[in-house]
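These notes are about the structure you will find just below.
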Amino acid sequence: MSHPVKNIHAVVLSDKTYTLSDYKFNYKHSDTHPWETQEREVYDRGNGAAVLLYNKEKKTVILTQQFRLPVYLNSDGKGKGLSIEACAGLLDADDPETCVKREALEETGYQ
């Protein structure tokens, strides 16, 4: 199958802090499916990296809790807005390995 995406058209909706764009494009699931037009809003905060930490002694993964406004808003104000997730962060000027080491230390205390 050839490339499954074509005719990408983007409109910037906001560029206040990061960039929110509305994308329209044609997508083909497989050679047996027809092309279909899809639309997505994409919030671009830049490149990031994530790490799933593993504790060999306990045989468990190590996750972190982060406040996330959408989680809080979806709880109708009844929850604390905490999301359990893997350590992650924006690359900024770092490479992915440096980024995940920094984020793991900041978010869990593990090196």
Side-chain angles (χ1 to χ4, degrees):
M1 185 172 96
S2 62
H3 200 281
V5 179
K6 67 180 183 180
N7 301 326
I8 299 173
H9 176 72
V11 175
V12 175
L13 302 175
S14 173
D15 62 356
K16 185 175 179 179
T17 303
Y18 299 104
T19 304
L20 175 64
S21 298
D22 181 61
Y23 286 89
K24 290 183 184 175
F25 57 95
N26 298 111
Y27 181 74
K28 189 171 179 98
H29 290 279
S30 69
D31 286 332
T32 60
H33 285 82
W35 285 94
E36 58 184 48
T37 300
Q38 295 193 1
E39 185 173 357
R40 299 285 188 278
E41 287 183 2
V42 177
Y43 190 59
D44 186 354
R45 296 186 60 204
N47 293 327
V51 61
L52 184 59
L53 300 172
Y54 183 73
N55 184 318
K56 289 180 184 179
E57 293 175 11
K58 294 182 180 181
K59 297 182 180 179
T60 60
V61 295
I62 299 163
L63 302 172
T64 184
Q65 272 189 331
Q66 301 283 341
F67 174 79
R68 300 292 182 220
L69 182 59
V71 174
Y72 178 78
L73 295 173
N74 284 328
S75 72
D76 296 325
K78 297 174 187 165
K80 295 179 181 178
L82 297 176
S83 174
I84 298 172
E85 52 196 57
C87 298
L90 296 176
L91 293 185
D92 299 319
D94 293 330
D95 60 277
E97 183 178 350
T98 301
C99 174
V100 295
K101 287 178 178 178
R102 179 187 69 236
E103 293 299 327
L105 184 59
E106 286 178 10
E107 296 179 8
T108 68
Y110 283 90
Q111 285 187 314

#### Entry: Taking every non-hydrogen atom, the tightest pair across Ala86 and Leu52
CB-CD1, 4.5 Å

### Task
List for me each residue that meets side chain to side chain contact (heavy atoms under 4.5 Å, CB included) alongside Thr60, sequence neighbours excluded, and say none if there are none.
Asn55, Lys58

### Summary
Between the CD1 atom in Ile62 and the CD atom in Glu107, the distance rounded to the nearest 0.5 Å is 12.5 Å

### Atom CD of Glu97 with >12 non-hydrogen neighbours under 6.0 angstrom
no

### Pairwise distance CG(Asp22) to CG(Leu13) - rounded to 0.5 angstrom
5.5 Å

### Summary
Here the pair of heavy atoms bringing Val71 nearest to Leu82 is CG1-O, 3.8 Å

### Query
Is there side-chain contact between Glu85 and Arg68, with at least one heavy-atom pair below 4.5 Å?
yes

#### Entry: Counterpart residues, ring pair (Phe, Tyr, Trp, His ring centres under 6.0 Å), relative to Tyr72 (two or more places apart)
none

#### Entry: Hphob cluster co-occupancy, Ile84 + Val61, side-chain heavy atoms under 4.5 angstrom
yes

### Query
In terms of hydrophobic clusters joined by side-chain contacts under 4.5 Å, are Val11 and Val5 together?
no

### Task
Could you tell me whether Leu69 atom CG has more than 12 heavy atoms of other residues or ligands within 6.0 Å of it?
yes

### Message
If you count every heavy atom of other residues, nucleotides or ligands that lies below 6.0 Å from Tyr43 atom OH, does the total exceed 12?
### Response
yes

### Shared hydrophobic cluster for Leu63 and Tyr110 (ILVMFWY, side-chain gaps under 4.5 Å)
no

### Message
For Phe25 and Glu39: C-alpha separation, side-chain torsions, deciding distance, then whether side-chain contact (heavy atoms from CB on, under 4.5 Å) applies.
### Response
CA-CA 6 Å; Phe25 57 95; Glu39 185 173 357; over 6 Å; no

#### Entry: Candidate pair Lys6 and Lys28, rule side-chain contact (heavy atoms from CB on, under 4.5 Å), full reasoning
CA-CA 9 Å; Lys6 67 180 183 180; Lys28 189 171 179 98; over 6 Å; no

### Query
Who pairs with Asp94 by side chain to side chain donor-acceptor pair (under 3.5 Å), at least two apart in sequence or on another chain?
Arg102

## Note on the structure
CG (Asp44) and OG1 (Thr19) are apart, to the nearest 0.5 Å, by 6.0 Å

### Query
Applying the 4.5 Å side-chain criterion to the ILVMFWY set and letting contacts propagate, would Leu73 and Phe67 be lumped into a single cluster?
yes

### Query
Leu90 versus Cys99: any side-chain heavy-atom pair under 4.5 Å?
no

### Message
How close do Asn26 and Trp35 get, counting heavy atoms only, and between which atoms?
### Response
O-CZ3, 3.6 Å

### Query
Which pair of non-hydrogen atoms, one from Leu91 and one from Pro96, has the smallest distance, and what is that distance?
CD2-CA, 3.6 Å

### Task
For residues Leu53 and Cys87, determine if any side-chain heavy atom of one lies less than 4.5 Å from a side-chain heavy atom of the other.
yes

### Query
In Å, rounded to the nearest 0.5 Å, how long is the span from CD1 of Ile8 to OH of Tyr27?
12.0 Å

